[in-house]
Each structure stands twice: as structure tokens, then as C-alpha cells.
Protein chains: 2
Amino acid sequence: MNNKKPRRPLTLRDVSEASGVSEMTVSRVLRNRGDVSAATREKVLTAARTLGYVPNKIAGGLASKRVNLVAVIIPSLSNMVFPDVLGGISAELDDTGLQPVVGVTNYSPSREDTVLYDMLSWRPSGVILAGLEHSKVARAMLDNAGLPVVEIMDVDGTPIDTAVGISHRRAGAEIATEILNAGYRRIGFIGTHMPEDHRARKRLAGFEERLGESGVQLVAREYYQGGSSLQKGRELTERIMTREPDLDFLYYSNDMIGAGGLLWCLEQGYDIPGKLGLAGFNGVELLDGLPMRLTTTDARRIDIGRRAARIVASKEPRPENGMVALAPTFLPGDTIRKA
Amino acid sequence: MNNKKPRRPLTLRDVSEASGVSEMTVSRVLRNRGDVSAATREKVLTAARTLGYVPNKIAGGLASKRVNLVAVIIPSLSNMVFPDVLGGISAELDDTGLQPVVGVTNYSPSREDTVLYDMLSWRPSGVILAGLEHSKVARAMLDNAGLPVVEIMDVDGTPIDTAVGISHRRAGAEIATEILNAGYRRIGFIGTHMPEDHRARKRLAGFEERLGESGVQLVAREYYQGGSSLQKGRELTERIMTREPDLDFLYYSNDMIGAGGLLWCLEQGYDIPGKLGLAGFNGVELLDGLPMRLTTTDARRIDIGRRAARIVASKEPRPENGMVALAPTFLPGDTIRKA
DNA sequence: CGAAATCATGTTACCGTTATCGTGTCTCGC
DNA sequence: GCGAGACACGATAACGGTAACATGATTTCG
């Protein structure tokens, strides 16, 4: 490689001069667009390579009014669920020339607004964002932007443009059905108390509604704040079981605290799933390898990512009603009695 | 909000016309730069708001030759270690106006090249990338780019510009010392066999070197490919203990498989840490809440992210020798005998 | 064999912002 | 009461590409 320090950043002009053709032709070569003879193509490519030229997408984007970015806005990265979604998105975007750019909101609506604003200022060609609940400001920005918007994870509500996800009400209801069918009746719930975690809220609503239909009520609840961890799961489980020792089932709002609870219960010698059943939510891979497989619901994270990406990339059409509802799938595991 | 669908995207001109001042003044208001009277500022801001104007950073970046992005290039998101690094970076960048943009290489050098190329084409104002090993092409691109480059995680090698990390050789050596001091002698190793995971390799090298200095050799090794999981840790542990039943210590290349191994060993009734000791690497939060706390080494992930971000943001000066070596810290946990 | 189509390349006019410099209006101190 | 700054704003020229059209050279084919 050359060692002359290029204090003046390289432009198309440099490559054009080095290869004796016009800037336009260089541009064509570098983008594989239009007719260029094999000979000049070669000349240009070697010139570009030896100079170490890297195209300037800022200028290119301005001129062409097209930007190959897709904004992806999610609440958190440490959640273990969003990396999976991202994986699905990347996989599906890989052969489209589109590139995901991730923004994290930490479950804060106002931060969502600013992240969205920042993202839109790059004029991406699509937006994927978690959830159906957004501020007025955010909705206005998205309406104005005039680009494909896919809201993911949730389908219980009205999408701005398109939604891809599962019904969390249904997920809650279905697991409630399973629990009831297995004969459990004294049920407790452990979950986050984040007003902004709408999906957890909807799950619980669907869960309680279904219980109610069978005349069953939640016997106890335990809420916590902040991130989920095994430790948190242990503490809350101990607390709820101390308070209500005759519970026969614990429904957790996610697998991580569920797993913590499971470990604690096993150490305490509870008869699982005989006397006490447990269930989480998400279906994270972490569960494989625990002493018992926690009962849970697969939230279809990767599929959600894929379908959302396919829609922004126009690999598949936006459905008529703007809804792609995937089916949450029940994973029985070992912590619920077999029906 | 207004409901006239703006098919033509909004520009500064629209805001300028709506507020009766020049585009230049609007620009000044929106960036808080230069002198603008309070009255016009107000006029402009309300006009911008009611129109729903979002500035175009593509055009802005081109004109100003300044872009508030920092490219962050890491091998993986599902690794549980990089989200922490990212957290540190974001936290430190938050008040600088800089914004991280993440690219993932999946431990593939050629993918690293393309990701880097794509990132540089956005002319970011800095690059943070994992590791000290990069292709010739990548080094050339970074040399040419003329911007701050911080390589993170590792300091065993020669940085292009600046490196922030821990010495993995040292981390390996230190844990070896602890293990030897605790009296273990028949030691096995379980880790990935990814030629591209240079840091794991260096850790093992430092580990074995230290053992060698005490006349001890690894009794057995077990390698695996692909991602780490509890399940993988279980399988490999079973395999190695079947093959070499009289091992008295297992050193894992990361906490996740270490935790899997720990769970398996506990189920098998091994006397831990009496007859068998275990250690992982990373110090991930996941460990809290397991039946025993796994012995491990904190890789200082968040600190690494913070320091790297501080340097690209010029919050702190690049050190003379271009090296910021943090100290890996030994976390004794419960799976090693107390000295 | 000549007109039309094709190919390979160049010219020109933007894309939407910001840097820079210029201009008119106040304010102020002596 | 007047020159010198400060202040508030506008006009103009980039920034580095690409779209669209233009041009000369070749090829195609009735």
C-alpha cells in the first residue's frame, strides 16, 4: 500500500485523474451501474485500490436521495431478546444492500423521540421500531417521513403502517390455559413494574382474563424494577413463596427471572412440577442447560426480525391490514405437569 | 399536528418561508450557532415544529465535513460481553453529541473489512474496533482515513493508533497463579476452537506459560466450535471428565460454558471446590444467581467501553504510547479453594 | 451501404446544508 | 455626534457525489 499521507481526503476526482477518465465513469465503475468497458473498469478499479479510495456516501446519498440504511429502534440490548431480533433483521437484509442501524431507547419514550429524530435526520429508507405505543411527536415524525415503518414485537393495537409480532394478550391467555389444564389453581405472578413495558402488561392482562374466565384469580403478585437477572428471580421467588407458601404455580414475565426462580426452588427442594409449577416467557436459548427446562412461550423473535426486514426491503408485500401476527408457541419444558 | 401529506420532503427552505427568514438563519437557530435574536429564534422554532421538519444530516454533513458518528465494530452481539462494552461507550458519548453506530463482523476478517469499508464511507469522526488483529486492507483503510482509531479489548500487540483493553496473556497467567496457589495440579481446559478468537488464544497461552513455569502441564483440553451456551458447557465438561476423571480443575474460556459445566458438576455430585475447581472468564452478571458463584476474571468491559469512548471524544488525551492497559481483576467466587 | 440502434463516455445541473464574508442597524464612549 | 464594535441577518459558493441528457464511435441489419 502507498504510504504518502493523504492529508487532503480522497475524492472521485483523485481516482478520475489517476485513471484518466471522468469522475462520472469512476462513479459508474464503483457502483456497477451503466455501461463501462472491461478495460476502463480495470483501470479505474486498480487506481481506486492503490489510492485506497473509499466512496463518500454522504455525498452520494445527497445526490441520489437514496440511503441504504434501515433504522432499528429497540428498548435495550442487554435484554437478550433484542439481539435475536437483530439477528433476524441482519440475516434478511444481508442480500439487499440495506444496512441496519441500531438505536436504543432504554424504555424511555422521550429517548425514543430523540433517537427517532436522530435516525430520521439520516433519511433512512425504512424504520423498524419496537412496540405500538409511541408519543404523538414520534407518530408525527413517522407520518411525515413518508417511508416504510414496521412496528415489531406486538400486534395488540393499531400500527402506524405495518406491525409484525405476536399478540401478547394471546400469549398470556394461552399459557394460562395450559396452567389451568394442568390442574394448577393457586397462581402467583412475578414481573417488572415498568409502566413502559407494554408487552409485559398485555401478557399479564391476557393471562388474568383467561384465569378469570375459569373463576380463578391471581393469589399473589410480586413486582420489581430495573433489569432482570437470575438473582432478582431468586429474591422475588423467595419473597412470594414466603408470603404465600401454598402457591402451586408461578408465572414469570420473562425467562431470566423464571430461571432464577427455578434454581431457587430446586435448592429449596420444592417438588417441581408436582407441587409447584413454573413458567417464563420468551424461549431464550439460555434455558437449555438449566437443571430443568423452564416452561415458556417462544416469542418468535428471529421470525419477527426476518419478516419485518423482508417488509422494509420489499421482499414481501405489506399485508392489506398492515398486520403480521405470528403465533406464540408454547414450549412445555419440564416445569409444568403433563396434562 | 398537521395532516397535509407532504409528498415533497421538507427542507430548510420550507421552514424559512414559513417563518419569513433566510435559510441560513433557520440553520443557525436549529444548531444554536451564531447570533439570532430571541424573537426570530422563537418564530423559527415554532415554524419548524408545526411543519414537523427534521434536519437533513446528509446535506449537513456534506457541507460541514463533520459527522457526529463513531463507528463501533465488534465481532458479535449475542456474546453478552459486547453489549456491556457498548453500554460503556454510549454512556460516555452521551453528552458529546457523538453517536455510536454498530457493525458486527461475526469473527470474520473479510466481513470486518467490508463492515469497516461501509462505515468509513459515512466519514465518521472516529472508529472503535475490537481486537488488534486486522487485515492489511483494514489497516490501510484506517491509516488513510485520518481519524482517531481505538482498538479495544486487547493490549497484547501493536495498536494502529490507540488500544484500550486488558492483557489477556496476563489474565490467563494470573488465574493460573491463583489455581496453582490453591493447590490444584491436574488441570484441564475447555474453550472455543476459533482461529479468529485471538484473545481466547492469548489467554490460554498466558495460562499455559504460567503453568509451565511451575512445571505443570495441561492434562486435557476440549475444544468446541460455534456459540457458547450452558448446554455446550455441560457436554464438554462431561466429555473431558469422562476422558480424564482425575482432573482437579477446569479452566473455561468463558463464563457461559463455565456455568454450564458448573451446573453439570453439581448435579453429578462433585465436591466443589474441594476435589474439583472451576473457573471461567469475563465476569458477566449472569453468574450472580447460580447455585455457586463461578470463579472468574472481570474483563473490565464497561471500563474499556468508557475509556475508548473518552478517547475518541477527546475527553481524555491519547496516551503517549497509545496504550491504555486496564487490570483484569480476579473474582474468587466459590469454585476455587481459598488459599 | 446507409439509417438506426447500441455502446462507452463526457457535460451539466442539481441534492440540502453550512462556511464565509458582506451589509445594514444599533449601541456606546469620548 | 461620530467612528468603532457588536449584533442580526442575508447572499453566495462550496461540499462530493449522481441523474439525466448529450455526444461520438461502433455495430447491426434490412
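Here is the naming used below: chain letters follow the sequence lines, and residue numbers restart at 1 for every chain. Bear in mind the structure is a predicted one, so any value in this text is a computation, not a measurement.
For B:Ala59, the side-chain atoms get nearest to C:dT17 when compared with the rest of C:dT11, C:dT17, D:dA11. You'll find that the side chain of B:Ala63 is closest to C:dG16, out of C:dG16, C:dA19, D:dT18.
Salt-bridge formation is detected for the pair A:Lys315/A:Asp95: a Lys NZ or Arg NE/NH1/NH2 atom is positioned less than 4.0 Å from an Asp or Glu carboxylate oxygen. The pair A:Arg307-A:Glu316 meets the salt-bridge criterion, since a charged nitrogen lies less than 4.0 angstrom from a carboxylate oxygen. We find that B:Arg8 and B:Asp14 are joined by a salt bridge, their nearest charged nitrogen and carboxylate oxygen being less than 4.0 Å apart.
The CZ atom of A:Arg8 sits 11 Å away from the P atom of D:dC15 (whole-angstrom rounding). Between B:Leu62 atom CG and C:dT17 atom P there is a gap of 12 Å when expressed in whole angstrom units. Rounding to whole angstrom units, CZ of residue B:Arg66 and P of C:dA19 are separated by 5 Å. The nearest whole Å value for the distance from the CD atom in B:Glu23 to the P atom in D:dC9 is 16 Å. One can place NZ of A:Lys57 at 18 Å from C1' of C:dC15, the figure rounded to the nearest angstrom. If you measure from atom CZ of B:Arg13 to atom P of D:dA11, you get 10 Å, rounded to the nearest angstrom. For A:Met24 and C:dG10, the CE to P distance is 11 Å, given to the nearest whole Å. A straight line from CZ of B:Arg41 to P of D:dC7 spans 14 Å, rounded to a whole angstrom.
Residue B:Thr25 places at least one side-chain N or O under 4.0 Å from the OP1 or OP2 atom of D:dG10. OP1 and OP2 of C:dC14 both lie 4.0 Å or more from every side-chain N or O belonging to A:Lys65. Distances shown here put every side-chain N or O of A:Tyr53 at or beyond 4.0 Å from the OP1 or OP2 atom of D:dG16. Within the 4.0 Å cut-off from OP1 or OP2 of D:dG17, not a single side-chain nitrogen or oxygen of A:Ser64 is found. Side-chain N/O atoms of A:Thr40 include none lying less than 4.0 angstrom from OP1 or OP2 on C:dA8. Considering only side-chain N and O atoms, A:Arg31 lies under 4.0 angstrom from the phosphate OP1 or OP2 of D:dT18. In this model, the phosphate group of C:dT9 is approached by a side-chain N or O of A:Ser37 to a distance below 4.0 Å at OP1 or OP2. Considering only side-chain N and O atoms, B:Arg33 lies nowhere under 4.0 angstrom from the phosphate OP1 or OP2 of D:dC9.
Side chains of B:Glu42 and B:Ser19 form no contact here, defined as non-hydrogen atoms less than 4.5 Å apart.
In this structure, the side chain of B:Ser125 engages the main chain of B:Leu69 through a donor-acceptor pair within 3.5 Å. Judged purely by atom type and a 3.5 angstrom limit, B:Glu151 uses its side chain to pair as donor or acceptor with the backbone of B:Ile160.
Of the listed residues (B:Val36, B:Val15, B:Thr40, B:Val21), just one forms a side chain to side chain contact (heavy atoms under 4.5 Å, CB included) with B:Val29, and that residue is B:Val36. Each of B:Ile128, B:Val70, B:Val72 was scored for a side chain to side chain contact (heavy atoms under 4.5 Å, CB included) with B:Leu93, with one residue passing: B:Val70.
As judged by a 4.0 angstrom heavy-atom cut-off over every strand, A:Asp35 is placed among the base-contacting residues.
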Requested in this report: Report the C-alpha separation of A:Thr105 and A:Arg111 in whole Å, then their side-chain angles, then the decisive distance to 0.1 Å, and conclude whether the side-chain hydrogen bond (donor to acceptor under 3.5 Å, both in side chains) test is met.
Outcome: CA-CA 5 Å; A:Thr105 68; A:Arg111 212 171 145 60; over 6 Å; no
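For A:Arg123 against C:dG16, no side-chain N or O and base N or O form a donor-acceptor pair under 3.5 Å.
Within residues 14-22 of chain B, no residue approaches DNA chain C, by heavy-atom distance under 4.0 Å.
In this structure, the helix from C:dC1-D:dG30 to C:dC30-D:dG1 shows an angle of 30° between the axis at its start and the axis at its end, each fitted on 5 base pairs and rounded to 10°.
For the atom pair CD (B:Gln99) and CG (B:Asp94), the distance works out to 9.5 Å, reported to the nearest 0.5 Å. Put simply, CE on A:Met194 and OG on A:Ser108 are 12.0 Å apart, with the number rounded to the nearest 0.5 Å.
Heavy-atom distances to DNA chain D give each of A:Leu12 and A:Arg28 a nearest nucleotide, and the one nearer the 5′ end belongs to A:Leu12.
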